[in-house]
J.: 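This is the structure I have questions about; it appears just below.
Nothing fancy with the numbering, it's 1 onward along the sequence.
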Amino acid sequence: MGKVIAVCTSEVRGTVKTPVPCARFRVDWGIEGDAHAGNWHRQVSLLSADKIEEFNRRGAQVMPGAFGENLVVEGFDFCALPVGTLLRCGEVLLEITQIGKDCHSHCEIYRRTGDCIMPREGVFARVLAPGVIAPGDEMTLCPRTSPRPWQAAVITLSDRCANGEREDKSGPAITARLKAEGYEVIEELLLADEAAPLQKNLIRLCDQRQADLILTTGGTGFAARDITPEATLAVADRQAPGIAEAIRAASMAITPRAMLSRAVAVIRGRTLIINLPGSPKACGECMDVFLPVIPHGMTLLRGEQADS
């Protein structure tokens, strides 16, 4: 159980938020009147009061809202909670959607002290049930009454598609198939065949958004710019070679060129990453192989009880 220490808002993005007596939270929007509200996954930001106090002991002397956070709460180490955690505060129900964030331009606190805790300690949430929150309100962890849908991201790797020379058909086909299977597709990206952007987005989607599954399409062959397997392996904690082997074995029954695939399957944190070929038809054939099986593994990655 925790207690809300401060509720903070701002009318303009990129500015310090200031404490308010209370705030109204809207479903799929966030806080009424706050600059960061909107129909996206980062509707409300939360930061532990204990982390701010620890930061201030180093001489920073920052006030609530200085890091751009909406809610300062004591009693929770938010960044230790997994994505999907439900938080109840009065009538308001929040679901954590992201842990930490990328810092694209250093804030005034960083320029003054050389550090900022929000990128690593702050979390973001969306509003599932509306209501009002004020300082002094209690916040508790709320158990789920039904399983959370699988969260997936889709990344297309193609120089020609990224340059607008060709339409990306594989990414949308993968997304449509995942949605038909009950997955919630949280992001769809189209990148050129470059290792650094792929690695950066894989790390972000695994560590911050904690997707259950990431499917990449393209860049798995012998061409000089086919870097998807190497970029995927570079961010991996563990490999899951059986998936890639099963895909190649099944694909060999369709075309002998399947032996030329260098696709890999790996695990980073709680996320399973699987490389798929660039052809929409081949992507569908590959998904036929693993989609019936991987829920067992993803359940284990979530730390939940899996059927034997």
J.: Has Ser48 got a side-chain atom pairing as donor or acceptor with Asp77's backbone, closer than 3.5 angstrom?
T.: no
J.: Go through Cys142 and Leu93 one step at a time and tell me if the side-chain contact (heavy atoms from CB on, under 4.5 Å) criterion holds.
T.: CA-CA 8 Å; Cys142 183; Leu93 182 63; 4.1 Å; yes
J.: Are side-chain heavy atoms of Arg270 and Val83 found at a separation under 4.5 Å?
T.: no
J.: Which pair of non-hydrogen atoms, one from Cys89 and one from Asp137, has the smallest distance, and what is that distance?
T.: SG-CB, 3.7 Å
J.: Do we see a donor-acceptor contact under 3.5 Å between the side chains of Asn275 and Thr228?
T.: no
J.: If we check side chain to side chain donor-acceptor pair (under 3.5 Å) with Glu95, which of these qualifies: His41, Gln43, Arg126?
T.: Arg126
J.: A side-chain contact here means heavy atoms from C-beta on lying under 4.5 Å apart; do Phe76 and Thr140 qualify?
T.: no
J.: Taking Ser170's backbone N and O only, do any of them form a donor-acceptor pair with Thr217's side chain (distance below 3.5 Å, no angle check)?
T.: no
J.: Check the surroundings of atom CD in Glu138: do more than 12 heavy atoms from other residues, nucleotides or ligands lie under 6.0 Å from it?
T.: no
J.: Got a sec, which residues hit salt bridge (Lys or Arg N to Asp or Glu O under 4.0 Å) with Lys281, two or more places apart in sequence or on another chain?
T.: Glu285
J.: Atom CZ of Arg262 and atom CZ of Phe222: how far apart are they, to the nearest 0.5 Å?
T.: 7.0 Å
J.: Between Asp288 and Arg177, does any side-chain N to carboxylate O distance fall below 4.0 Å?
T.: yes
J.: Flag the pair Val73 / Leu87 as yes when at least one side-chain heavy-atom distance between them is below 4.5 Å, and no otherwise.
T.: no
J.: Using a 6.0 Å cut-off, check whether atom CD of Glu230 has over 12 heavy atoms from anything other than its own residue.
T.: yes
J.: Taking the side chain as every heavy atom from C-beta outward, state whether Val127 and Leu94 have any pair of such atoms under 4.5 Å apart.
T.: yes
J.: If only atom types and distance count, is the side chain of Ser45 paired as donor or acceptor with the main-chain N or O of Gly68 below 3.5 Å?
T.: yes
J.: May I ask you to test the Val7-Pro135 pair for a side-chain heavy-atom distance under 4.5 Å?
T.: yes
J.: Using only atom types and a distance under 3.5 Å, with no angle test, would you say the side chain of Arg144 pairs donor to acceptor with the backbone of Gly84?
T.: yes
J.: Salt bridge (charged side-chain N to carboxylate O under 4.0 Å, His left out): which pairs involve residues 213-225, sequence neighbours left out?
T.: Asp159-Arg225, Glu194-Arg225
J.: Gln151 side chain to Pro149 main-chain N or O, any donor-acceptor pair under 3.5 Å?
T.: yes
J.: Between Glu187 and Arg204, is the closest basic N to carboxylate O distance under 4.0 Å?
T.: yes
J.: Just do the side-chain contact (heavy atoms from CB on, under 4.5 Å) check on Val123 and Leu81 with the steps written out, would you?
T.: CA-CA 9 Å; Val123 304; Leu81 300 175; over 6 Å; no
J.: Please check if the side chain of Asn56 supplies one atom and the backbone of Val62 the other of a donor-acceptor pair under 3.5 Å.
T.: yes
J.: Quick one, Asp212 and Leu301 - any side-chain contact, counting heavy atoms below 4.5 Å?
T.: no
J.: Could you go through Leu71 and Phe78, starting from their C-alpha distance and side-chain angles, then the distance that decides it, and tell me whether this counts as side-chain contact (heavy atoms from CB on, under 4.5 Å)?
T.: CA-CA 11 Å; Leu71 294 176; Phe78 285 117; over 6 Å; no
J.: Arg268 versus Ile203: any side-chain heavy-atom pair under 4.5 Å?
T.: yes
J.: Looking at Arg248 and Met259, would you say the former's side chain and the latter's main chain have a donor-acceptor pair under 3.5 Å?
T.: no
J.: Give a yes or no on this: more than 12 heavy atoms of other residues, nucleotides or ligands lie within 6.0 Å of atom CZ of Arg238.
T.: no
J.: Just checking Glu165: does its CD atom have more than 12 heavy atoms from other residues, nucleotides or ligands closer to it than 6.0 angstrom?
T.: yes
J.: Looking at side-chain heavy atoms only, is the closest gap between Ile174 and Val185 below 4.5 Å?
T.: no
J.: I need the single residue from Arg13, Lys17, Arg26 that forms a salt bridge (Lys or Arg N to Asp or Glu O under 4.0 Å) with Asp34. Which is it?
T.: Lys17
J.: Working to the nearest 0.5 angstrom, can you tell me the gap between Cys79 SG and Met118 CE?
T.: 11.0 Å
J.: Between Gly65 and Val16, what is the shortest heavy-atom contact and its length?
T.: O-CG1, 3.5 Å
J.: Please test Trp150 against Ile294 for side-chain contact (heavy atoms from CB on, under 4.5 Å), starting from the C-alpha separation and ending with a verdict.
T.: CA-CA 11 Å; Trp150 299 118; Ile294 60 171; over 6 Å; no
J.: Using atom types as modelled and distance alone, determine if a side-chain donor or acceptor of Arg24 lies under 3.5 Å from a backbone N or O of Val132.
T.: no
J.: Determine yes or no for a side-chain-to-main-chain donor-acceptor pair under 3.5 angstrom, with Thr220 supplying the side chain and Ser261 the backbone.
T.: no
J.: Would you list the pairs meeting salt bridge (charged side-chain N to carboxylate O under 4.0 Å, His left out) in which at least one residue belongs to residues 145-155, sequence neighbours left out?
T.: none
J.: Are Leu178 and Ile247 co-members of a hydrophobic cluster defined by side-chain heavy atoms under 4.5 Å apart?
T.: yes
J.: Does Leu157 share a hydrophobic cluster with Val266, counting links as ILVMFWY side-chain heavy atoms below 4.5 Å and allowing steps through other members?
T.: yes
J.: So, does Arg42 use its side chain to make a donor-acceptor pair with the main chain of Lys101 at under 3.5 Å?
T.: no
